[in-house]
Amino acid sequence: MWRTIFFVVSISMSAISIPKIYSENPELFQTLIGLAIGSSETPEKSNSSNRHVVKNTQPRSSNPLAGRRVRLDMDERGHFVSDFKLNGRRITALVDTGATLVAINASTARRIGINLVASDYKFPVNTANGQVLAAAAYIDEIQIGRINVSRVQTAILPDKALGNTLLGMSFLKRLGRFEVENRTLILEQ
């Protein structure tokens, strides 16, 4: 039980601190991405195309959805934001390669059919607004375009602690690959 609590707290703290790390030191951020997916190398960089590649180290499955690809353009703030379907409900989310888990707030959890009680919020996490208690759950299905990933681990925070939905590595590592090339994020299943 303590191992699970430690795991969820560590993941939640990482998800919350990543934007600060990225803004202060983008090179460190890229190194952390490599470490998060189990690679001993930093993501590849090609000076000619401003390209960053992060490949999934897991073998590809015989999934009938294999080979599906989605492209997301970077917004004016340098983020990749798009509409996804979480359990069939349209949710605007920010793709966050520095977050270990998908992170949603309590309102979004209710909207997509995850019903929690007060006692589910038992994992302390530190946020920019102070320490809060988070819950752990799974999202049955996350979809964007023709990409469809099932049973994705997520952290649920109170509304006051998290205003946006963050799609972290618990979603991204289930893809065949993802890469950023010339202000475009390419997701491939």
Exercise. Under the 3.5 angstrom rule, does the side chain of Gln189 hit a backbone N or O of Asn148 as a donor-acceptor pair?
Worked result: yes
Exercise. Which pair of heavy atoms, one from Arg183 and one from Phe80, lies closest together, and at what distance?
Worked result: O-CE2, 3.8 Å
Exercise. If every non-hydrogen atom of Gly163 is compared with every non-hydrogen atom of Asn105, which pair is closest and at what distance?
Worked result: O-ND2, 3.9 Å
For this session: Return yes if some donor-acceptor pair links the side-chain N/O of Thr92 with the main-chain N/O of Asp83 below 3.5 Å, else return no.
Result: no
For this session: Work out which heavy atom in Asn87 is nearest to a heavy atom in Ile112; give both atom names and the distance.
Result: ND2-O, 2.9 Å
Exercise. Between Ala106 and Tyr121, what is the shortest heavy-atom contact and its length?
Worked result: CB-OH, 3.3 Å
For this session: For the pair Asp120 (side chain) and Ala135 (backbone), establish whether a donor and an acceptor sit closer than 3.5 Å, ignoring hydrogens and angles.
Result: no
Exercise. Between the main-chain N or O of Leu72 and the side-chain N or O of Thr184, is there a donor-acceptor pair closer than 3.5 Å?
Worked result: no
Problem set entry | Minimal non-hydrogen separation, Val70 against Ile144, with atom names | CG2-O, 3.5 Å
For this session: Walk me through it: do Leu101 and Thr154 pass the test side chain to side chain contact (heavy atoms under 4.5 Å, CB included)?
Result: CA-CA 5 Å; Leu101 291 175; Thr154 186; 5.8 Å; no
For this session: Indicate yes or no for a side-chain donor-acceptor contact from Asp96 to the backbone of Leu167 under 3.5 Å, with no hydrogens or angles considered.
Result: no
For this session: Take Thr108 and Arg111, measure what side chain to side chain donor-acceptor pair (under 3.5 Å) needs, and give me the verdict at the end.
Result: CA-CA 5 Å; Thr108 300; Arg111 185 170 170 214; over 6 Å; no
Exercise. Are any side-chain N or O atoms of Ser170 and backbone N or O atoms of Gln153, one a donor and one an acceptor, separated by less than 3.5 Å?
Worked result: yes
